[in-house]
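Down below is the structure, laid out as structure tokens.
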Amino acid sequence: MPPVTDQPKKWFQTTAIDYPNSRPHIGTAFEKVGADVQARYRRMEGYDVLFLMGNDENTLKVADKAKELGLEPQVYCDDMARQFREVWGALDISYDVFIQTSHERHKECCRKFIQKVYDNGHIYKGAYEGWFCPGCEEFKSEKLHKENAGLCPNHNRPLVRRSEPCWYFKLSSFADRLLAFLKDNPEYVQPDSRRNEAIGFIEAEGLEDLNISRHGKEWGIPLPFDEDFTTYVWFDALLTYITGIGYGDDETQFHKNWPADMHFIGKDITRFHCHYWPAMCWAAGIEPPKHVFSHGFVNNDGTKIGKSMGNVVEPREIIAKSSVDAYRYYFMRECAYPGDGDYSGKRYEEVCDSELSNKLGNLLSRCITVGAKSFDAVLTGTAGRVPDKVTVDFDAAKVVAEVRTAVENCDYNLALQAIILKVCAPANQYIDTEAPWKLVKGTAEEKERGKIVIFNVIHSLRIASILLKPFIPRSAEIIYTSFNFPKPWSELTYADAAELHAQPDDMRVIATLIDGKVKPLFPRLA
RNA sequence: GGCGGGGUAGCUCAGUGGUUAGAGCAAUCGCUUCAUAAGCGAUGGGUCGCCGGUUCAAACCCGGCCCUCGCUACCA
């Protein structure tokens, strides 16, 4: 990804939109948290951020599920959307726009887009032939037909050959352009492994035209040029990325934000974003997005999460036992965002206790206690003083650059590792070596020295809090606002962490104290 | 079957030819007691998937094999 300085000052990002068949679990949330970290980071860096999320509701399965519960599909969708948004709220996901594809505004914009693609000559009528399951009322892939001996895995009945009229999108005509696009723009989709798959697929098999119509008029978006058909959900779902910012409706807002700077998606839908989506954009005469980031999946104690596995964990179960920030920290720290990760209760406690409670929170506590008890919360004489390095090789600018690069590449685990190892650990070593709690009991000179040690460690905490802001916003703010740093919390950028500079006033501890102590930032879990 | 990743300490991983293979966590021991029974230090622990080859020298290069994960178009 290009460095911040080379980017225009707007940042439009999206996550994949979710099926509201069931409530979000820790896997669904993984994507949102990772996207949120990026959005918060970009806001810190001065971007005008627009962060879009939503639910994908125009599938017959959603309508079926509603029927099962005796609800109107729209009522069901709206209620699920409410529940999704509650979970995202509980995770402090800072989205700006939430799209429901069953809402009229999205549908209207969709129809305009599809009509445009049709008018541009990229859609034609044909027939789709394949293996059909009358039970599922849907076509199955050749692969499934072959692997399952011609039987439907759900109904155990033979699949039948069937042909029906449909509308095709001329995807094949974009194959060469797509291949060149993917090869010429290595940063379009990350990580590289996903890009290789996307390229490999076209090289190996080419691209066939895409059937974009489905039967089932009662739920979905009718094709604008043939109301007998509804739109294939993917052709509609991808369009949230533009209908959510005013395509065909508010051209000013649309042109301000498009093309998207980043689509966060799961690795399972990489192909839709590497093959269909850019081609669809070209077909409608708009630019394709700039970047797609395809993250990995989260397992539960080594096994894949699924309803059938009975191992679904919802975010709030974990948050209730710890905190939002602990939750965000664990998944960003322990699960490498581009790859797969694992959730286990034991590991969760280990990581949160070792790093958040012991290395970070405890450092804040010991600093504040010594500062408050021995100096009455005011480090007199530190006004104008430039902090010393806590270790000989400590280099704030270098650490910030490292963390910045990691965040921009969505290597969140590396970013957090660097913060703990290169900011918090040295500060703990330093405070231990200098032992200010001993110095303050000695001569006036020693007491003065102890004061400076605390002062220096507080600046390490300041750096850590700024770097941690996108990850654990609440806790980072508590750290920062425990002291009288002059720059407001809301105005900080990563550059503020890159140097040790003086401040005009004496350093003060302004955190709320109870018996000279501060409330633990991250209470230990184990 | 085809293509592409990966297999390194109990766990998560770093390490693309050169001194006794590294980090964090976990484990054990010591120091410390300002602090959230936290911190700091030290120690133990690895025939670097297997076999063969190239080389003065291989975790790293080459060949074969085993295992594992992903992709292989109409469920998304």
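Per chain, numbering begins at 1; letters A, B, ... match sequence-line order.
- Atom CG of A:Asn358 is separated from atom C1' of B:A26 by 13 Å (rounded to the nearest Å).
- In the set B:A26, B:G24, B:C71, the nucleotide with an atom closest to the side chain of A:Glu350 is B:A26.
- For B:A35, the OP1/OP2 oxygens have a side-chain nitrogen or oxygen of A:Lys373 closer than 4.0 Å.
- Look at CZ on A:Arg347: it is 15 Å from P on B:G10, rounded to the nearest Å.
- If you check B:C25 for Watson-Crick or wobble pairing at under 3.5 angstrom, you find it paired to B:G10.
- In this structure, CD of A:Glu208 is placed 13 Å from P of B:U72, rounded to the nearest angstrom.
- Counting any heavy atom pair closer than 4.0 Å across all strands shown, A:Gly371 reaches no nucleic acid atom.
- Looking at the side chain of A:Glu355, the nearest of the listed nucleotides B:C71, B:G24, B:C40 is B:G24.
- Looking at which nucleotide of RNA chain B each of A:Lys517 and A:Asn196 is closest to, the 5′-most match is held by A:Asn196.
- With ring centers used as reference points, A:Phe455 lies under 6.0 Å from A:His459.
- When heavy atoms are screened at a 4.0 angstrom cut-off, A:Ser365 is found touching base atoms of the nucleic acid.
- There is no side-chain donor-acceptor pair under 3.5 Å between A:Ser163 and A:Glu129.
- Checking B:C71, B:U72, B:G39 against the side-chain heavy atoms of A:Lys359 singles out B:G39 as nearest.
- Between B:C34 and A:Lys441, a contact under 4.0 Å exists linking OP1 or OP2 to a side-chain N or O.
- Looking at heavy-atom distances under 4.0 Å, A:Ile269 makes no contact with the nucleic acid at all.
- B:A26 and B:U33: their C1' atoms are spaced 24 Å apart (whole Å).
- In summary, the side chains of A:Asp18 and A:Asn55 do not present any donor paired with an acceptor at a separation below 3.5 Å, with no hydrogens or angles considered.
- Atom CD1 of A:Ile202 and atom P of B:G4 are 17 Å apart (whole Å).
- For B:G4, the paired nucleotide is B:C69, the pair qualifying as Watson-Crick or G-U wobble because both relevant distances are below 3.5 Å.
- B:A37: no Watson-Crick or G-U partner with both key distances under 3.5 Å is found in any strand.
- Taking every side-chain heavy atom of A:Val370 into account, B:C34 is the closest of B:G24, B:C34, B:G39.
- Distance A:Glu349 CD to B:A26 P: 12 Å, rounded to the nearest Å.
- Each of A:Leu421 and A:Asp56 was assigned the nucleotide of RNA chain B with the nearest heavy atom; the assignment lying further toward the 5' end belongs to A:Leu421.
- Ring pair A:Tyr118/A:Phe225 is parallel by interplanar angle, where below 30° counts as parallel and above 60° as perpendicular.
- For A:Tyr337 and A:Asn413, the side-chain atoms include no donor-acceptor pair closer than 3.5 Å.
- Here B:U72 is the nucleotide among B:U72, B:A26, B:G39 with the atom lying nearest to any side-chain atom of A:Arg271.
- Ranking B:U33, B:C25, B:U36 by closeness to the A:Ser357 side chain, first place goes to B:U36.
- When rounded to the nearest whole Å, the span between NZ of A:Lys438 and C1' of B:C34 equals 11 Å.
- Base contact: A:Phe272 has a heavy atom under 4.0 Å from a base atom.
- Nucleotide B:C34 holds its P atom 18 Å from the CD1 atom of A:Ile458, rounded to whole Å.
- Under a 4.0 Å N-O distance rule, the pair A:Lys125/A:Asp226 qualifies as a salt bridge.
- Closest contact between the side chain of A:Tyr276 and the listed nucleotides B:U32, B:G70, B:A73 involves B:A73.
- Between the side chains of A:Thr101 and A:His106, no donor-acceptor pair of N or O atoms lies under 3.5 Å.
- Nucleotides B:G10 and B:U20 are separated by 22 Å at their P atoms, to the nearest Å.
- When distances are taken from the side chain of A:Leu521 to each of B:U36, B:C25, B:C34, the shortest belongs to B:U36.
- The separation between A:Asn428 atom CG and B:G24 atom C1' is 15 Å, rounded to whole Å.
- When distances are taken from the side chain of A:Asn362 to each of B:G70, B:G41, B:G39, the shortest belongs to B:G39.
- With both pairing distances under 3.5 Å, B:C48 is matched to nothing as a Watson-Crick or G-U wobble pair.
- Residue A:Glu205 is classed as a base contact, given a heavy-atom separation below 4.0 Å to a base.
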